[in-house]
Amino acid sequence: VQAAEDGVHLPRYVRVNTLKTTVDDAVDYFKRDGFAYLGQANRPDDLELKAKSFVRDLHLPDLLVFAPKTEFHEHFLYKAGHIILQDKASCLPAFLLDPASGGHVVDACAAPGNKTGHLAAIMKNKGKLFAFDLDAKRLSTMSTLLLRAGVTCHQLANRDFLKVDTADPEYKDVEYVLLDPSCSGSGMVCLGKDSSSPDQEKEQRRLANLAAFQLRCLNHALRFPRLQRLVYSTCSVHAEENEKVVAACLQQNPGFRLVHLLPQWKERGLEPFTQCLRASPTKTLTHGFFVALLERHSGAVSTAP
Ligand code: SAM
């Protein structure tokens, strides 16, 4: 477990960028490159791979899984934007939001843009993808990454999402929001945790500030007049930033409810928010993560994956 928590034993996840290639073509390329393809993973143990072998992921159709530390930064498919090196947990938000091709989508806190690129791939580059971020430097990195990934349906804006006017006619057709706001990052296992004992009071204050920001973003995002679905995600393991933010949001927005996500996913949100997903190195072989999907009440049965 400790080794996994150091990040060294997490599998190498490779998202196939379906804007540039297909999963089958990527599989063929890797086979020709000397990797042994073991087929579709059927159970979690199948993701624990030896060097030079790979499988298709258990849950995500555009994800390939390799042995930990398999290096792809110099690989042709990476440099050409055909593959994206993205942790499995971080692929969940766009997959679960599942925006329609041609739809209007907001990525509220978007940089450096891995999830934006994933959304664009799901949308087949059709529709409008409004991506906001406060940090100009991160946005400029994002621009380069999206160019390499062949994304064209996006509109980047260096803006404070909380100041975006949700009633602006430009956003009148927005039906989907992905909200992945700044968080404590406590789920990231390879950041080299500070070993000194933390100042508990300071830490609690920091979490409370982050949670207040996250809730403001959520409440703001739910104001898009035609919004149907919103994914909220963090790479935090703290309930303060996850279930507690969702609980407060639902209380303040009775027109929205949680959708039960991926029944086959074993690690669930803390009680009573078991509709949501959690992820961790030990249980899902990923970084620590949280995902919730809110939908507007319509009386219809949800069709989420
Ligand atoms: N979704 C991104 C991805 O997958 O690559 C990661 C987003 S990161 C967790 C959070 C981002 O929120 C940071 O890039 C930060 O600059 C941005 N941010 C923080 N406050 C913001 C605000 N008020 N409006 C817009 N973006 C904000």
Side-chain angles (χ1 to χ4, degrees), residues 15-20 22-23 57 59-63 84 86 88-133 142 145-146 149-157 159 161 164 166 168-181 217-218 220-234 246 249 253 255-262 265 275-277 289-298 300-305:
R15 178 168 66 77
V16 176
N17 178 12
T18 53
L19 291 177
K20 290 224 161 176
T22 62
V23 176
D57 183 57
H59 304 97
L60 295 158
D62 50 1
L63 201 65
I84 313 289
Q86 189 171 354
K88 175 172 173 174
S90 134
C91 295
L92 288 169
F95 170 70
L96 294 169
L97 186 62
D98 195 25
S101 180
H104 287 202
V105 183
V106 163
D107 191 349
C109 296
N114 274 339
K115 298 182 189 77
T116 319
H118 196 188
L119 287 168
I122 293 166
M123 295 161 71
K124 301 189 171 66
N125 249 344
K126 295 197 178 85
K128 278 195 183 161
L129 181 43
F130 302 100
F132 304 105
D133 204 283
M142 174 164 175
L145 292 179
L146 293 184
V151 175
T152 53
C153 63
H154 63 297
Q155 208 171 289
L156 294 193
R159 289 181 68 183
F161 173 64
V164 169
T166 52
D168 186 320
E170 196 174 10
Y171 309 124
K172 71 175 176 20
D173 294 321
V174 167
E175 288 186 312
Y176 309 87
V177 171
L178 192 152
L179 175 62
D180 184 43
C217 287
L218 250 179
H220 190 65
L222 293 183
R223 291 193 190 114
F224 287 102
R226 294 196 56 198
L227 182 77
Q228 293 303 320
R229 292 155 69 85
L230 175 147
V231 160
Y232 173 70
S233 60
T234 75
V246 167
C249 171
N253 297 276
F256 287 85
R257 64 180 167 205
L258 285 172
V259 176
H260 191 90
L261 298 169
L262 289 181
W265 189 271
Q275 302 98 321
C276 309
L277 305 183
F289 211 77
F290 174 83
V291 194
L293 172 58
L294 280 78
E295 73 173 5
R296 197 186 287 280
H297 278 292
S298 65
V301 176
S302 166
T303 56

- Run the side chain to side chain contact (heavy atoms under 4.5 Å, CB included) check on Ser233 and Phe290 step by step: do they pass? CA-CA 5 Å; Ser233 60; Phe290 174 83; over 6 Å; no
- Message: With rounding to the nearest 0.5 angstrom, report the CZ to CG distance, Phe161 to Asp107.
- Response: 10.0 Å
- Query: Which heavy atom of Leu119 sits nearest a heavy atom of Ala94, and at what distance?
  - Reply: CD2-CB, 3.7 Å
- Task: Search all heavy atoms of Lys124 against all heavy atoms of Ser101 and return the closest pair with its distance.
- Result: CB-OG, 3.9 Å
- Message: Are Leu227 and Phe256 packed together at the side-chain level, in the sense that at least one heavy-atom pair is separated by less than 4.5 angstrom?
- Response: yes
- Check His104, Lys128, Gln155 against Glu170 for a side chain to side chain donor-acceptor pair (under 3.5 Å) and give me the one that passes. Gln155
- Query: Does Tyr176 reach the side chain of Val106, with side-chain heavy atoms less than 4.5 Å apart?
  - Reply: no
- Query: Atom CG of Asn125 and atom OG1 of Thr152: how far apart are they, to the nearest 0.5 Å?
  - Reply: 3.0 Å
- Task: Would you mind checking if Asp57 and Lys88 are paired as a salt bridge, meaning a charged N to carboxylate O distance below 4.0 Å?
- Result: yes
- Query: Which heavy atom of Lys126 sits nearest a heavy atom of Cys153, and at what distance?
  - Reply: N-CB, 4.3 Å
- When rounded to the nearest 0.5 angstrom, what distance separates CG in Leu92 from NE2 in His118? 9.0 Å
- Test side chain to side chain contact (heavy atoms under 4.5 Å, CB included) applied to Leu262 and Leu277, step by step: CA-CA 8 Å; Leu262 289 181; Leu277 305 183; 3.9 Å; yes
- Taking the side chain as every heavy atom from C-beta outward, state whether Asp98 and Leu96 have any pair of such atoms under 4.5 Å apart. no
- Message: Could you check whether any side-chain heavy atom of Cys109 comes within less than 4.5 Å of a side-chain heavy atom of Leu179, counting everything from C-beta outward?
- Response: yes
- Task: Determine, step by step, whether Val151 and His154 satisfy the side chain to side chain contact (heavy atoms under 4.5 Å, CB included) criterion, reporting the C-alpha distance in whole Å, the side-chain angles of both residues, the deciding distance to 0.1 Å, and the verdict.
- Result: CA-CA 7 Å; Val151 175; His154 63 297; 3.3 Å; yes
- Do the non-hydrogen side-chain atoms of Pro61 and Phe95 ever get within less than 4.5 Å of each other? yes
- Task: Report the distance from atom CZ of Arg15 to atom CG of Leu63, rounding to the nearest 0.5 Å.
- Result: 9.0 Å
- Determine whether Tyr171 and Pro225 make a side-chain contact, defined as any pair of heavy atoms from C-beta on separated by less than 4.5 Å. no
- Query: So do the side chains of Tyr232 and Thr234 get within less than 4.5 Å of each other, counting heavy atoms only?
  - Reply: yes
- d(Gln228 CD, Leu230 CG) to nearest 0.5 Å is 12.0 Å
- Task: Mind running side chain to side chain contact (heavy atoms under 4.5 Å, CB included) on Val164 and Phe132 for me, showing each step along the way?
- Result: CA-CA 9 Å; Val164 169; Phe132 304 105; 3.8 Å; yes
- Message: For Arg229, is there an ion pair with Glu175 - N to carboxylate O distance below 4.0 angstrom?
- Response: no
- Spell out, as yes or no, whether a donor-acceptor pair under 3.5 Å connects the side chain of Asn17 to the backbone of Leu19. yes
- Query: From Leu222 CG over to Cys217 SG, what is the distance, rounded to the nearest 0.5 angstrom?
  - Reply: 11.0 Å
- Return the minimal non-hydrogen interatomic distance between Ala292 and Leu258, and the atom names on each side. CB-CD2, 4.0 Å
- Query: Between Val177 and Val105, is any pair of side-chain heavy atoms under 4.5 Å apart?
  - Reply: no
- Nearest heavy-atom neighbours spanning Asp133 and Ala110: OD2-N, 3.4 Å
- Search all heavy atoms of Leu294 against all heavy atoms of Cys249 and return the closest pair with its distance. CD2-SG, 3.9 Å
